[in-house]
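Have a look at the structure below before the remarks.
Order of the sequence lines sets the chain letters (A, B, ...), proteins ahead of strands, with each chain counted from 1. If you're wondering where the values come from, they're calculated on a predicted model, not measured in any experiment.
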Amino acid sequence: MEQYLTLQNIGIATGFALILIGLYGGLTNKNILRIIVSFTIFNSGLNIVIVALAYLKGRVAPIIDDTTGLDNLSQKFVDPVPQALVLTAIVIGLGVTGVMLAYALKMYQNKQTLNINDFKETKW
Amino acid sequence: MELQLLIGSLVTLAGSVFIFLGALGIVRMPDLYNRIQAGTKASTLGTILSVAGIGIMNPDWAGKVFILIAFVMMTNPVSSHTLARAAHHIGIALSKKTVVDKLKEDGPEENKKED
Amino acid sequence: MYKNILILALLVGLGILLSTAITDREENTSLPELPAYYADNTAKEVGAANMVTAVIVTYRGFDTLGEVTILFVSAALIAMFLKTGNRRKNRNPRPSSVILSTAQKLLFPLIILFGAYVFANGHLTPGGGFQGGAIIATAFLLWLMANPEGEMRHGILSSLEAFSGTFYVIIGVVGVILGVGFLNNSILPLGELGRLFSAGAIPVIYSLIGLKVGAELSNILHHLNEVQNEE
Amino acid sequence: MIFVLSYLTWLALNWSVETDILITGAGISVVIGLLFCRNCTVLQTVRLTPKSFAYAIAYVFVFLWDLLKSNIDVAGRVLSPSLPINPGIVEVKTKLNSNIGKMLLANSITLTPGTLTVDIREDRMYIHWIDVSSTDIEEATKSIVKKFEKYLEVMYG
Amino acid sequence: MDVNIILALFLAVIMIVVAVAALMAKRVRTAVLAAGLVSLVASIMFLLLAAPDVAMTEAAIGSGLTTIIFFYVLNKIRRSDV
Amino acid sequence: MDSVKIILYIAGALILSGILLALWRFIKGPRTADRVVAFDLLTVISIALMAMVAFFNGRIIYLDVALVYGLLSFTGVIVVARFIEKGL
């Protein structure tokens with residue numbers, strides 16, 4: 001039990017839990033705004049999983065300053081590439097959320113309802 | 001050096017005590033306005049003290065700590081005031097212990113000029 | 001109701017499946033080859049102290065260009081969805097108090113300055129164009145809070161966005177002309193590590209990205225603000 | 001004025017005085033002052049005299065002392081089991097004319113626990129007070145506003 | 001036990017509790033606030049996982065702007081259950 | 001050094017219990033405004049928590065994240081306040 005209790009595993013487990021909670025909320029709710037809220041929770045969980053996978057025990061953030069020195073950096077830093085990807089993912093997540101919300105607002109203005117079962121035209 | 005660390009940690013401890021009291025106040029107080037009073041204000045002082053203690057322990061960080069304190073002190077009362085004003089506007093009730101409500105007696109607000 | 005239980009059962013199964021990722025995974029002890037290369041060579045190749053910035057702006061510059069484009073497209077989509085004929089007919093929001101509007105006037109330049117600090121120091125401290133852009137959008141939002149019916153000069157935002165986007169591409173093309181590659185930062189000289197002007201063109205590129213992102217997010221907020229209220 | 005404020009903030013953020021930082025900060029401050037804040041005239045009413053500087057420093061100390069004192073007072077109220085509060089909204093009058101003076105006064109009142117500015121109309125402020133000792137306008141003004149006002153009056157008029 | 005691990009466990013529990021609260025909330029605005037809170041705690045988690053850049057982005061965008069855009073849209077849809 | 005660490009651990013424990021109390025108010029409600037007060041309190045507390053994380057890791061760069069919170073957390077509260085008073 002003790003060897004599983006690392007920072008990385010805690011992060012991965014939390015992220016998975018958030019992903020499952022978000023999926024459950026997205027699949028069971030009828031209200032379109034609640035589905036979008038579930039999507040943002042799902043998004044946060046996914047980001048935590050990716051960053052936690054990049055974490056290495058006992059290493060520090062990939063920014064050079066007085067405490068890190070200049071040599072042997074690949075032995076000291078965590079992986080910077082997944083962090084960069086997650087950074088972009090968060091910004092794109094905001095764009096996607098904004099588009100979904102604008103779409104929901106437009107549908108509400110047309111039909112005065114938020115229940116997704118009432119939007120039948122685009123069903124396939 | 002040792003003394004500096006000790007003073008800084010004691011200031012941080014005082015700040016965290018205030019944070020805890022603020023959180024306790026937010027649970028115990030009977031209505032919204034008193035919650036804002038006890039909760040947000042005490043924890044603002046607590047945060048300022050905690051951050052200042054950390055600034056005392058690391059003198060190199062003083063600039064950022066100073067800016068952080070200034071930001072918190074400038075922004076927090078504005079948000080508290082806006083929240084209290086909104087709450088009173090939609091008529092959230094004050095608790096039973098309330099003595100006087102001058103704002104309600106004076107009626108709804110007249111059209112005021114912004115300058 | 002049966003459907004919910006079925007979904008719950010499915011998700012529990014998925015959770016059990018995912019939990020093997022914790023129990024069966026071997027602990028990594030060293031970086032893979034590419035990140036190790038980045039970590040060892042960023043300081044002398046790019047001159048940036050922050051490796052995430054180096055990866056975003058230089059090594060993966062194309063991706064960032066695409067990302068800015070995605071943000072632009074989503075802003076345009078939101079504008080398209082929300083374009084209604086009779087906007088701002090009977091929105092009469094409650095005016096803000098004197099305290100909020102005065103505090104807004106005092107805080108607006110400070111927030112803009114902090115955003116500028118975040119993206120000008122993106123190669124030394126955490127932060128960069130996207131965060132700085134979000135901070136600038138927040139300053140704009142504060143302005144909207146204090147003057148909910150204020151008339152915005154729409155031209156400034158659009159021209160700022162167009163200007164920064166164009167210059168971003170021009171800087172990339174200058175790199176091609178000088179023969180160092182699209183969006184390479186060494187078109188400006190590298191300096192001593194840890195100084196503000198150390199990383200070649202990274203501060204310039206990141207400032208442009210920051211201005212563009214800030215203008216786009218402000219545009220989204222402005223469009224959302226102008227939709228007619230439901231009564 | 002905006003320029004000076006921005007420049008000081010920039011220096012405190014960077015916490016070093018190298019030439020490149022000085023130059024960049026000056027450039028950014030000028031751009032902010034000229035481009036974004038053509039209508040930020042809120043600081044024009046500040047009086048720049050030695051006396052007002054002295055009063056500003058004195059004000060900071062008075063304010064910090066009051067902050068600490070009232071925090072301990074409210075902490076005592078929270079901790080005591082019977083919750084001895086006596087809340088109410090009272091009305092006070094202020095003599096300050098400029099907007100920034102009013103804002104600083106309201107912020108000081110709000111930041112001090114025990115008092116919270118709920119609304120402000122012209123020269124009257126409505127303050128939620130956790131321990132109302134008198135409902136009269138004059139008395140309330142005397143006990144809440146006066147200690148801050150005499151310093152702010154010199155600074156902002 | 002490392003102090004970071006204790007803190008991370010604490011934050012993990014809080015995040016899951018708040019996420020469940022977001023699902024169970026009666027009104028949409030509560031769910032939105034809870035989702036903002038999940039982002040807030042997630043950004044402290046990112047700080048522990050040695051990713052200050054990501055923490056800053058999550059703070060400015062995930063916890064700030066997303067909540068704000070949600071409330072702008074909720075303002076246009078005034079019903080009893082939002 | 002040891003006594004300093006013990007004092008800081010006590011401070012951290014107090015901050016964490018403060019988070020728990022504020023979370024209880026957030027879940028209990030009863031109105032949106034009460035939840036917003038709890039939300040504000042949680043953001044302010046997390047500034048202190050971030051500063052402590054920065055101290056324990058010994059890196060000044062982590063303070064920048066706390067700065068972002070210190071400057072931006074209040075806009076969320078203002079937006080919700082303007083939302084409930086129909087001033088948006």
Query raised in the report: Under a 4.5 Å cut-off applied to non-hydrogen side-chain atoms, are F:L67 and B:F71 in contact?
Result: yes
**Report entry** Atom group of F:L63 that falls short of 4.5 Å from chain B, counting heavy atoms
**Finding:** side chain
Query - Atom group of F:D40 that falls short of 4.5 Å from chain B, counting heavy atoms - result: side chain
Report task. Write down the atom of F:I84, the atom of B:A86, and the distance for their closest heavy-atom approach. Result -> CG1-CB, 4.0 Å
Query raised in the report: Are F:I7 and B:T12 side-chain neighbours, meaning at least one heavy-atom pair lies under 4.5 Å?
Result: no
Requested in this report: Taking all non-hydrogen atoms of both residues into account, name the closest pair between F:A48 and B:I19 and its distance.
Outcome: CB-CD1, 3.9 Å
Requested in this report: For residues F:L14 and B:V17, determine if any side-chain heavy atom of one lies less than 4.5 Å from a side-chain heavy atom of the other.
Outcome: yes
**Report entry** Contact class of F:A13 relative to chain B, heavy atoms under 4.5 angstrom
**Finding:** neither
Query raised in the report: F:A22 and B:I26: which non-hydrogen atoms are nearest, and at how many Å?
Result: CA-CG2, 4.5 Å
Report summary line: Okay, F:M52 and chain B: the region with an atom under 4.5 Å from a heavy atom over there is both
Query raised in the report: Is there a side-chain contact between F:D64 and B:K64 (heavy atoms, below 4.5 Å)?
Result: yes
Name every donor-acceptor pair, under 3.5 Å, that has one atom in a side chain of residues 43-52 of chain B and the other anywhere in the protein, sequence neighbours excluded.
from  : atom 1 : to    : atom 2 : distance (Å)
B:S43 : OG     : B:G39 : O      : 3.0
B:S43 : OG     : B:T40 : O      : 3.0
B:T44 : OG1    : B:T40 : O      : 2.6
B:T47 : OG1    : B:S43 : O      : 2.9
B:T47 : OG1    : F:V44 : O      : 3.3
B:S50 : OG     : B:G46 : O      : 2.8

